[in-house]
Amino acid sequence: MASTAADSVPGSQRQPVYVFELPVRIWHGLHALSILVLAVTGYLIANPLSSPPGEASEHFLMGNLRLIHFIAAYVFTIGFAVRIYWGFVGNKYSRELLYLPVWRRAWWHDLIEEVKFYLFLRREAPPNVGHNALAQFAMWIFNVLLGFFMIVTGFALYGEGLGLGSWADAWFGWAIPLLGGSQEVRMLHILGMWLFIVFTIIHIYMAIRADLVSSQSSVRTIINGWRTYRD
Amino acid sequence: MPAHETFYEVMRQHGITRRSFLKFCSLTAAGLGLGPEFAGTIAHALETKPRTPVIWLHGLECTCCTESFIRSGNPLAGDVILSMISLDYDDTLMAAAGHQAEELLAQTVEKYDGQYILACEGNPPLNEDGMYCIQGGRPYVEKLRYMADHCKAIIAWGSCASWGCVQAARPNPTRATPIHKVILDKPVIKVPGCPPIAEVMTGVITYMIAFDALPELDRQGRPKMFYGQRLHDKCYRRPHFDAGQFVERFDDEGARKGYCLYKVGCKGPTTYNACSTLEWNGGLSWPVKSGHGCLGCAEDNFWDKGSFYNAVTNFGAMGGVEATADRIGGVLAGAAAVGVAAHAAATAVSRLRSSEAKGAQHE
Ligand code: HEM
Ligand code: SF4
Ligand code: SF4
């Protein structure tokens with residue numbers, strides 16, 4: 001959280017902090033990779049490539065794309081579950097992306113200051129060790145909420161393939177009538193993919209920008225875990 | 001009061017032979033996916049149980065359900081079932097007309113209170129107190145409510161009664177409303193499709209009167225025996241889908257070779273119906289077999305999703321959005337990219353300014 005005491009300490013004199021533990025860094029990599037694979041295969045399921053020639057029995061193009069999509073979906077889902085578990089046992093930063101401390105006034109203050117910073121109304125970013133409030137807000141909406149949405153809609157569609165009464169149908173099948181039918185769920189699943197793409201564009205930009213213009217490390221931090229500071 | 005007559009007696013009065021009757025029972029057992037031993041069960045039920053009257057109402061609709069029903073591929077089934085139901089009330093099929101016909105409804109309510117099946121084709125429009133569909137001088141919705149109050153269960157025939165269908169398309173000026181949203185206190189069995197397949201209709205109705213029970217329904221209230229799978233799960237073109245071989249245009253080589261119709265908009269992957277197993281007109285053909293994709297006619301909102309010829313469609317539910325998911329998503333992603341580029345440029349400018357300012361201080 002934004003601490004006023006830290007504000008006064010010059011960056012170059014601040015000690016590096018170990019923010020992202022190894023499981024969090026591994027999860028981040030797997031999560032990013034699975035989203036990339038899911039988005040590419042998913043896009044090709046919705047907009048297939050041109051037909052390979054010859055007999056149908058010689059090819060399994062859509063079949064393989066779907067298979068890869070489902071494998072990546074399991075990586076995404078199990079990774080998500082393990083990540084939530086880590087939020088309970090990991091260090092204090094590991095919980096930041098899983099919930100929004102909307103009951104804390106300091107959090108709202110930090111959110112407003114961050115927005116000001118990105119609107120060029122404030123020159124220096126408010127210093128933060130873990131995620132700043134704005135990043136936390138975006139992470140929560142796009143990873144927790146949207147991630148859940150993709151898992152629910154994805155496994156609901158998966159249950160249609162496995163059949164009525166399958167485990168996926170029993171656990172997630174309710175989403176289909178709730179969201180307006182099978183075609184509607186697919187279209188929302190596709191829209192979810194696009195929202196992930198929007199998030200990724202902004203997320204990568206923000207991370208690189210933070211490295212270049214702020215006083216704290218960012219890209220290196222998710223690789224080696226340490227947040228370092230400079231002036 | 002004399003004991004109610006049985007179905008069997010009614011059929012015999014209509015000139016159906018015992019042989020035809022037994023044939024009908026075995027065909028129905030097969031059609032319902034039951035073992036041959038159930039033919040006897042059905043026969044026994046129809047011979048001994050008092051006849052359940054079926055009242056068939058018509059709201060806003062095009063009568064395609066009735067047209068489908070009376071063309072049941074198996075003429076026997078058609079005859080048998082018609083002899084069971086036409087006796088009571090069906091605007092299209094009954095002999096009675098005018099006051100006489102309306103009187104039949106009151107008689108049925110009196111005689112069979114809580115015992116008859118209400119089969120609804122079409123739906124009631126609710127705007128202007130239901131004035132968009134007047135029958136016998138009063139709004140259809142009133143007739144529907146009155147008959148529903150006294151019935152045992154309701155069958156919602158077709159996509160009109162089940163979902164609303166084209167008369168409920170945006171902006172739905174008459175507020176055409178599916179049955180389950182008007183009648184809340186009776187079981188509603190949805191038999192969607194535009195129209196439903198004749199054998200599905202006869203199967204559902206026979207099951208209900210022979211076993212005196214509701215068929216097992218899925219989450220959306222459709223009988224599992226006919227709506228338990230998507231067309232895609234049983235489509236004979238599925239190997240081409242899995243191989244990635246698609247028709248791109250209706251006159252291309254792929255179309256001639258019978259490739260999968262997914263890319264020209266086939267909704268088989270999202271449509272629950274029996275077309276790919278029972279097929280149409282007594283198993284003659286079905287849309288995909290004739291080279292055209294499924295329109296998804298048995299699914300909610302199929303009429304409000306934009307083109308029938310795209311795999312990625314508009315959003316039909318929740319008020320509806322007239323753009324495809326890819327269109328909306330592409331615009332959002334484009335906006336994000338432009339926004340990021342603009343922000344990067346602004347950052348560079350602001351850095352430059354502040355370093356100039358710093359430089360000026362140093363001089
Ligand atoms: C970031 C996460 C994900 C993205 C970006 C993504 C993207 C997509 C896209 C664009 C489609 C095409 C929709 C269509 O036209 O049918 C799709 C289909 C599908 N996805 Fe995902 N998806 C994600 C996660 C998941 C998950 C977690 C599951 C769970 C099993 C899943 C299961 C499916 C299924 C079953 C289909 C339909 C494939 C078919 O029947 O041919 N997806 N996905
Ligand atoms: S033609 Fe339609 S139902 Fe058949 S495999 Fe292709 S997409 Fe599925
Ligand atoms: S193939 Fe599709 S559109 Fe055609 S009747 Fe069957 S469900 Fe309806």
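Model, not experiment: these values are computed from the prediction. To find a chain, count down the sequence lines: A is the first, B the second, and so on, and within it residues start at 1.
Contact check for Q183(A) versus F302(B): no side-chain heavy atoms found under the 4.5 Å cut-off. Considering only heavy atoms from C-beta on, C165(B) comes within 4.5 Å of C194(B) through its side chain. At least one side-chain heavy atom of R66(A) sits less than 4.5 Å from a side-chain heavy atom of F241(B). Q136(A) is listed as a side-chain neighbour of W107(A), based on a closest heavy-atom distance under 4.5 Å. Side-chain contact between H343(B) and V340(B) is absent, with no heavy-atom pair separated by less than 4.5 Å. Using a 4.5 Å cut-off on side-chain heavy atoms (C-beta onward), I141(A) and F199(A) make no contact.
Looking at R186(A) and T270(B), their side chains never bring a donor and an acceptor atom within 3.5 Å of each other.
Listed by chain and residue number, R238(B) satisfy the salt bridge (Lys or Arg N to Asp or Glu O under 4.0 Å) test with D242(B) (two or more places apart in sequence, or in another chain). Applying the side chain to side chain contact (heavy atoms under 4.5 Å, CB included) criterion to K224(B), with sequence neighbours excluded, gives L164(A), E216(B), D218(B).
Closest heavy-atom contact between N273(B) and A298(B): ND2-CB, 3.6 Å.
Among residues 252-267 of chain B, the residues having any heavy atom closer than 4.5 Å to a heavy atom of chain A are, in sequence order, Y259(B), Y262(B), K263(B), K267(B). The contact list for residues 179-188 of chain B toward chain A, using heavy atoms and a distance under 4.5 Å, is empty.
Between chain B and the residues P53(A), G54(A), P52(A), the largest count of heavy-atom pairs under 4.5 Å involves P52(A). Between chain A and the options A346(B), G334(B), A335(B), S350(B), heavy-atom pairs under 4.5 Å are most frequent for A346(B).
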